[in-house]
There are 2 protein chains.
Amino acid sequence: MEMKSVTRSLRVLEAVAQHQPVTVGELTKLFGLPKSTVQRTLVTLAEAGWLRASRKDTTRWEIGARVLAVRPAALQGSSLLAVAHEPMVRLRDALNETIHLSVPDVLQSMVVVDRVDCDHPVRTFHAIGDTSPLHATAAGRAVLAQLPASEVDEFIAHGLERFTDTTPTDPDELCAELDRIRTDGYAVNHNQYRPGICAVAAPVLEEDGTPLAAVAVSMPDSRFDPNRLPEWGRMVADAAKEATERRSA
Amino acid sequence: MEMKSVTRSLRVLEAVAQHQPVTVGELTKLFGLPKSTVQRTLVTLAEAGWLRASRKDTTRWEIGARVLAVRPAALQGSSLLAVAHEPMVRLRDALNETIHLSVPDVLQSMVVVDRVDCDHPVRTFHAIGDTSPLHATAAGRAVLAQLPASEVDEFIAHGLERFTDTTPTDPDELCAELDRIRTDGYAVNHNQYRPGICAVAAPVLEEDGTPLAAVAVSMPDSRFDPNRLPEWGRMVADAAKEATERRSA
DNA sequence: GGGCTCGTGCCACAATGTGGAACGTCGTGC
DNA sequence: GCACGACGTTCCACATTGTGGCACGAGCCC
């Protein structure tokens with residue numbers, strides 16, 4: 001509730017990132033704020049280098065280069081994106097389903113950081129930057145399963161929100177599933193977050209075993225075949241493992 | 001000069017990115033600001049998801065995953081970073097020199113977005129996020145050479161700053177060099193920006209021919225061999241071309 | 001050419017963020 | 001074991017800071 005202008009500026013920054021390139025008017029509608037306020041915010045962010053006027057249309061704003069100075073820190077220095085992309089493309093080619101790479105944020109949510117699309121006319125869609133809860137998705141549970149029990153307990157203590165009627169909201173149920181993930185090497189989400197969406201995921205690990213990210217293949221319910229699950233699980237796990245290995249190379 | 005708190009918050013964000021994980025005290029020393037102000041800024045940034053308390057030491061702050069949701073337009077769409085990394089690694093392996101990937105920012109500077117290090121005890125160092133002027137570096141001129149003459153003129157009109165005694169500050173001289181780059185396919189920087197640093201670069205292009213980025217190999221003066229220049233130029237150009245092709249695939 | 005929309009600049013007002021000072025906690029050394 | 005110092009955190013009266021209504025100018029469409 002503090003630093004109103006700062007909070008708002010950051011929201012504007014995120015909005016520009018999603019809609020770029022964007023005009024002052026579009027943002028005023030989006031936020032319901034006075035034009036002059038939005039305008040001042042944009043100019044300030046631009047002066048700081050985080051935003052810039054678009055080259056083609058100077059009344060449109062887009063993200064500036066300054067954010068690039070901050071990105072590597074968020075990715076722990078290593079080029080996670082670069083090393084994970086290749087295995088993700090191969091996985092997409094093999095399965096023809098959309099592949100996502102997500103990183104955990106403060107033990108609360110997963111953030112999508114990279115995506116390789118499939119060419120099905122009907123397919124799942126998560127934008128880069130989208131967040132989802134740890135306990136309700138395959139990627140989230142793939143990460144949770146690699147955390148020490150104390151941190152899992154801490155996360156559970158915050159409560160397990162229900163999203164669909166199959167969301168695991170019981171701590172014991174969740175822990176049992178995490179055990180299964182550790183033995184099988186992959187996590188599964190069957191309509192447990194967004195109805196009609198299924199996913200299979202595996203973790204990318206740091207040298208010390210800390211989960212750094214998760215590779216996930218997600219698809220509409222209609223194309224999810226439980227019989228092929230072990231095979232798909234193995235393939236996703238292989239891709240994640242390859243990313244892990246390329247990272248330390 | 002406006003939005004003091006916003007400007008300062010962004011500076012703090014950058015400082016955290018550079019020094020993470022960092023404490024309140026370290027930042028107060030760095031900025032010379034009152035503890036309470038820094039503290040409030042950190043909490044605000046954390047509430048917005050841009051910062052988070054370190055998991056290991058909760059009094060230390062680090063960059064949150066949220067920043068990954070904000071990507072510059074240049075990196076939007078197909079992942080430039082991901083497709084360029086592989087060719088860059090091969091180039092590094094072949095030449096054993098540090099490879100950089102940079103993108104142009106608003107026709108003013110190049111920003112380093114990826115790096116593959118070599119293992120020489122003495123080597124060049126540019127951090128991801130670093131900027132350099134377009135006319136004085138190999139990467140910058142590789143990009144300039146692909147721009148329409150009107151935009152080059154516009155850039156030149158802003159003035160060509162001198163950095164060393166070989167920096168091209170004469171417009172005609174620069175344009176002649178751009179011609180050479182177009183015919184040879186690679187740009188060279190021989191102590192024209194930072195004394196003692198040489199580089200060879202080639203552009204990564206968009207479908208319509210707009211320069212999107214540049215791949216550059218940079219090395220200390222002492223390891224720069226003019227005789228091998230055509231060979232190195234061809235290799236760098238090949239790597240850049242491969243990135244261009246993989247991008248559209 | 002008049003009316004509309006959109007980006008930009010201005011300025012009086014008060015809501016907002018400021019930073020000094022006090023508090024709590026941990027670790028250290030006497 | 002106690003006093004001290006270093007550090008992160010909280011509080012609050014003050015005035016500096018950002019706010020947003022308004023007006024201007026440019027481009028566009030009827």
Side-chain angles (χ1 to χ4, degrees), chain A residues 1-64 66 73 106-108 150 154 158, chain B residues 1-64 73 106-107 154:
Chain A
M1 296 299 172
E2 284 181 313
M3 297 254 175
K4 209 165 161 181
S5 63
V6 174
T7 313
R8 208 174 42 206
S9 299
L10 294 175
R11 286 230 189 82
V12 169
L13 204 55
E14 288 174 34
V16 174
Q18 276 175 36
H19 303 286
Q20 69 178 319
V22 74
T23 65
V24 175
E26 288 161 7
L27 289 172
T28 58
K29 276 172 203 153
L30 192 61
F31 287 99
L33 288 168
K35 278 189 298 182
S36 46
T37 303
V38 173
Q39 160 85 352
R40 206 158 2 93
T41 305
L42 289 173
V43 172
T44 306
L45 289 171
E47 275 174 0
W50 291 73
L51 248 47
R52 66 183 181 200
S54 167
R55 261 211 289 153
K56 293 151 198 167
D57 177 352
T58 51
T59 69
R60 293 193 166 265
W61 300 82
E62 54 189 30
I63 297 294
R66 187 59 58 90
V106 225
L107 283 188
Q108 278 184 30
S150 61
E154 192 189 327
H158 286 36
Chain B
M1 298 297 175
E2 286 180 312
M3 298 253 176
K4 210 167 162 180
S5 63
V6 173
T7 314
R8 209 175 41 208
S9 299
L10 294 174
R11 285 229 192 82
V12 169
L13 199 59
E14 289 171 36
V16 173
Q18 275 175 39
H19 302 285
Q20 76 170 326
V22 73
T23 65
V24 175
E26 287 161 8
L27 288 171
T28 59
K29 276 171 203 153
L30 192 61
F31 285 98
L33 288 168
K35 277 189 299 181
S36 46
T37 303
V38 173
Q39 161 83 353
R40 205 157 3 92
T41 306
L42 289 173
V43 172
T44 306
L45 289 171
E47 276 174 359
W50 291 68
L51 247 49
R52 64 183 180 204
S54 167
R55 269 210 285 149
K56 292 152 197 165
D57 177 351
T58 51
T59 70
R60 293 192 168 266
W61 301 80
E62 55 189 31
I63 297 290
V106 229
L107 283 189
E154 191 189 328

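Below, chain A is the first sequence line, B the second, and so on; all start at residue 1. Basis for what follows: all heavy atoms, side chains included, without hydrogens, waters or symmetry-related copies.
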Starting at atom CG of B:L33, determine the distance to atom P of C:dG20, rounded to an integer number of angstrom. 10 Å
Closest to the A:V24 side chain: C:dT8, C:dG20, D:dG8? C:dT8
Selected nucleotide, minimal atom distance to B:K35 side chain, candidates D:dG21, C:dT8, C:dA22: C:dA22
Note: A:L45 and A:S9 closest approach over all heavy atoms is CD1-O, 3.7 Å
If we count only N and O atoms by modelled type, under 3.5 Å, do the side chains of B:S5 and A:S5 hold a donor and an acceptor together? yes
For D:dG8, does OP1 or OP2 lie under 4.0 Å from any side-chain N or O of B:T23? yes
side-chain contact (heavy atoms from CB on, under 4.5 Å) for A:W61 and A:V24? Distances and angles first, verdict last. CA-CA 8 Å; A:W61 300 82; A:V24 175; 4.0 Å; yes
By nearest nucleotide on DNA chain C, pick out whichever of B:T41 and A:E26 is the more 5' one. A:E26
Under 4.0 Å between a side-chain N or O of A:T37 and OP1 or OP2 of D:dG20? yes
Between the protein and nucleotides 11-16 of chain C, which nitrogen or oxygen pairs are less than 3.5 angstrom apart?
residue, atom, partner, partner atom, Å
C:dT16, OP1, A:K4, NZ, 2.8

Using atom types as modelled and distance alone, determine if a side-chain donor or acceptor of A:T37 lies under 3.5 Å from a backbone N or O of A:L33. no
In terms of heavy-atom contacts, does CZ of A:R40 have more than 12 from other residues, nucleotides or ligands at under 6.0 Å? yes
Sequence neighbours excluded, the answer for salt bridge (Lys or Arg N to Asp or Glu O under 4.0 Å) partners of B:R60 is B:E26, B:D57
Among the candidates D:dG21, D:dT9, D:dT10, find the nucleotide nearest to the side-chain atoms of A:S36. D:dG21
Protein-nucleotide distance (B:L42, atom CG; D:dT10, atom P), rounded to Å: 13 Å
Output yes when at least one side-chain N/O atom of B:Q39 is less than 4.0 Å from OP1 or OP2 of D:dG8, else no. no
